[in-house]
Amino acid sequence: MTEDQAVRDKLLAEVAALPGLPGVYRYFDAADAVLYVGKARNLKKRVSSYFHKDHGGTRIGTMVARIARLETTVVRTEAEALLLENNLIKTLNPKFNILFRDDKSYPYLKLVSHPFPRMAYFRGAVDRKHRYFGPYPNAWAVKQTIQLIQKVFRLRTCEDTVFNHRSRPCLLYQIQRCSGPCVGLVAPADYARDVRDAERFLLGEQQEVVNDLQAQMMTLADALEFEKAAAVRDRIGSLSRVLHQQSMEASSLSAGDRDVDILAVRVAGGRACVNLAMVRGSRHLGDRAYFPTHVDEGAAMGAEEADERAAAASPEAAVLEAFIAQHYIGQPVPPQLVTSLAVDAALIEALAETAGQRVRCTHQPREQKRIWLEMAEKGAELALARLLAEEGSQRERTRALVEALELDLADPDQLRIECFDISHTAGEATQASCVVYEDHAMQSGQYRRFNIEGITGGDDYAAMRQVLMRRYARLAEAQAEPEAPTPEAPAAGDEAAPAPRARKPRRGQSRLPDLVLVDGGRGQVAMAREVFEELGLDLALIVGVEKGQGRKVGLEELVFADGREKVWLGHDSAALMLVAQIRDEAHRFAITGMRARRASVRTGSSKLEDIPGVGPRKRARLLQRFGGVRGVANAGVDDLAAVEGISKELAEEIYRVLH
């Protein structure tokens, strides 16, 4: 019996022993990499379908042939299976699942509890202490709404630390964007009325608010307070113009239709786009496009599961259902979803159960919701076309660079480039940056910054030597290690087991690049050459980007460490465009890091870094909230504790250290 047959027999025995209960299953290959994560109402029936059907040469057949073992987890309900499945998908990143980037940090408009409540832009976990409106698809939508409420209802936006110490009204009062509660220019009752009107507007009661403002205007006019009546009239005009621009008929929508998510999907060219448009309080807040990975493999698996439940087996349906399942787990779900395709009813039921509320889903809406869906479908179509055009352009640039430099690559699409740049201000706060280009795109998650120490200020050559040595010393050492021994030869009469396939390094995993760009001419290239000779690395990897005559863009020349003559690619060369793109990104990344480090040194924010429990994120939130270290030092314990992630105990510790 061959090893493959033994593995398959073992799998079939495990499948035969599975229970007919809801659960989650996971497939692994011989290298123990996760291939697929799925959920099922009936584990035995679902998993058996993979091994008892002939999938031929399809993607599903390719995956099944690679399965070396499986794991299952039994749960009580399909809702629990949905939750577990998507948690595992995010954690394990399986190859044959449709994957959406876990980026669900949506912004909110926050109404802070206070005798004179203020509006604020907020991103993070919500609580019951304050009122939150949203989520909004992007920061621009929140800020636009804040500006509207400032114009119509004149609510304050200043921090409490500023509000409590004002002796005269600020500029916002002068331009009629705030009613001046900080210095008593508005009665508490009047300000509270404006807050209630703003809340009603955000909840979708726009027409009711307009009617109340009109009644208020008439009352003021009858009392001969014409200036105040004119001010209310202007507010009504501003509000009416916004409602007209929205082109919404709020009065025609029921209360349950005022919070809706509209989802449209498009699949083309091996890529997919899900466009999510948000409607809150009957106001269309904008849309946001999502582009999943593993579309071909995941769509094939989704179609297989769709066949099992006799639903429409289409890639679009698989992508849409994957998005709904992954996106709304742990995310507030509106009471209604409008989709461009029919969605499995069991998925919506499971989603409603996990959300703890009723969720309706329709794919053939009427009237206003039909208009919203058409807008979302057009947005998905345009976003996908733009993505395909950009990817095509980047792919052409990659191939042009490979050809121009005559790089010996089996697959040009796997080209990996690392680019280094040095930045400082007259020798102060020297930093080096390393940016990565791979898969035809800049990989920001793999960027690195290096603080350069122990050199003479302004010595860029020494800085380049230090960063290259720190970056590649370990990789060179790993490359020099002897390979693992090969397995023993099979005994006579036994068939040789197939050699395990080499695993491709995971995204972000360190490996030697195919090209190392250094921002500089012969001097920097000579320094890089010394480092690579010392480490025993291939000198052909090093390419310097030398600025041309007059430092003009398009005149750059490439300098090689292995003795080749300099090359000018031409100002309109696609290869030069890619080199310039990577070089400019390295320069930008180095400058922003250097400025942040310089500011840290000059303002003394290192005191915050020394406080246990205050990491980069909390430090950034503190500095953003209070405008710098001085603002943090001037804040009280309660103000510090109001920052997201800062507990009362940590706020007291911060106050103690800074005082």
Side-chain angles (χ1 to χ4, degrees), residues 107-124 126-127 129-134 136 139-140 142-199 202 599-600 602-605 607-608 611 614 617-648 650-659:
Y108 289 81
L109 189 154
K110 179 179 179 180
L111 203 58
V112 180
S113 297
H114 189 275
F116 294 96
R118 69 179 178 90
M119 297 180 300
Y121 171 92
F122 178 80
R123 189 186 291 269
V126 300
D127 54 40
K129 183 179 179 182
H130 310 288
R131 292 212 62 182
Y132 298 88
F133 299 90
Y136 289 75
W140 176 84
V142 181
K143 294 172 182 176
Q144 185 186 47
T145 303
I146 289 176
Q147 290 176 0
L148 170 64
I149 294 178
Q150 282 182 302
K151 184 182 297 185
V152 177
F153 304 104
R154 302 178 66 184
L155 302 188
R156 73 180 182 95
T157 56
C158 57
E159 293 281 351
D160 290 348
T161 51
V162 176
F163 177 86
N164 294 332
H165 297 92
R166 294 294 304 183
S167 58
R168 58 179 181 176
C170 65
L171 180 62
L172 288 175
Y173 173 81
Q174 304 294 337
I175 62 175
Q176 299 183 9
R177 295 295 182 269
C178 178
S179 53
C182 55
V183 290
L185 295 179
V186 60
D190 292 338
Y191 191 87
R193 182 195 60 210
D194 291 338
V195 170
R196 288 194 301 271
D197 287 344
E199 290 178 342
L202 293 170
S600 173
R602 292 181 178 180
T603 62
S605 66
K607 290 183 179 180
L608 286 176
I611 301 175
V614 180
R617 290 187 179 180
K618 292 180 181 178
R619 186 166 61 249
R621 289 172 186 153
L622 287 167
L623 295 174
Q624 184 178 14
R625 171 67 65 85
F626 299 105
V629 175
R630 291 183 181 178
V632 176
N634 293 333
V637 173
D638 292 337
D639 295 325
L640 294 171
V643 177
E644 179 190 356
I646 305 296
S647 64
K648 185 77 171 181
L650 183 56
E652 292 174 350
E653 178 65 14
I654 295 171
Y655 187 86
R656 184 189 65 79
V657 171
L658 297 181
H659 291 80

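All heavy atoms count here, side chains included; hydrogens, waters and symmetry mates do not. Index from 1, following the sequence.
- Counting heavy atoms from C-beta on, the side chains of I646 and R621 never come closer than 4.5 Å.
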Kindly indicate, with the supporting measurements, whether the criterion side-chain contact (heavy atoms from CB on, under 4.5 Å) is fulfilled by R154 and V186.
CA-CA 11 Å; R154 302 178 66 184; V186 60; over 6 Å; no

Residues R177, Q147; criterion side-chain contact (heavy atoms from CB on, under 4.5 Å); working and verdict
CA-CA 8 Å; R177 295 295 182 269; Q147 290 176 0; over 6 Å; no

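- Side-chain contact between P169 and Q174 is present, with heavy atoms from C-beta onward closer than 4.5 Å.
- With contacts defined as side-chain heavy-atom distances shorter than 4.5 Å, the pair T145/L202 qualifies.
- Residues R168 and Y173 have side chains not in contact (no heavy-atom distance under 4.5 Å, counting atoms from C-beta outward).
- Taking a cutoff of 4.0 Å between a charged side-chain nitrogen and a carboxylate oxygen, E653 and R656 qualify as a salt bridge.
- Looking at S113, its side chain does come within 3.5 Å of a backbone N or O of K129 through a donor-acceptor pair.
- Counting only heavy atoms from C-beta outward, the side chains of K110 and M119 never approach each other to under 4.5 Å.
- Within the 4.5 Å cutoff, the side chain of Y191 has no heavy atoms near those of the P115 side chain.
- Looking only at side-chain heavy atoms (C-beta outward), D638 and D160 stay at 4.5 Å or farther from each other.
- When all heavy atoms of R123 and E644 are compared, the closest pair comes out as O-OE1, 3.1 Å.
- Side-chain contact between F626 and L640 is present, with heavy atoms from C-beta onward closer than 4.5 Å.
- Here the closest non-hydrogen pair linking Y132 and F122 is CE2-CD2, 3.6 Å.
- Annotation for V183 and R166: closest pair CG1-O, 4.0 Å, computed over non-hydrogen atoms.
- Here H114 and F163 bring their ring centres to under 6.0 angstrom of each other.
- Looking at every heavy atom in both residues, A198 comes nearest to L155 through CB-CD1, 3.8 Å.
- Between the side chain of R156 and the backbone N or O of P181, no donor-acceptor pair lies under 3.5 Å.
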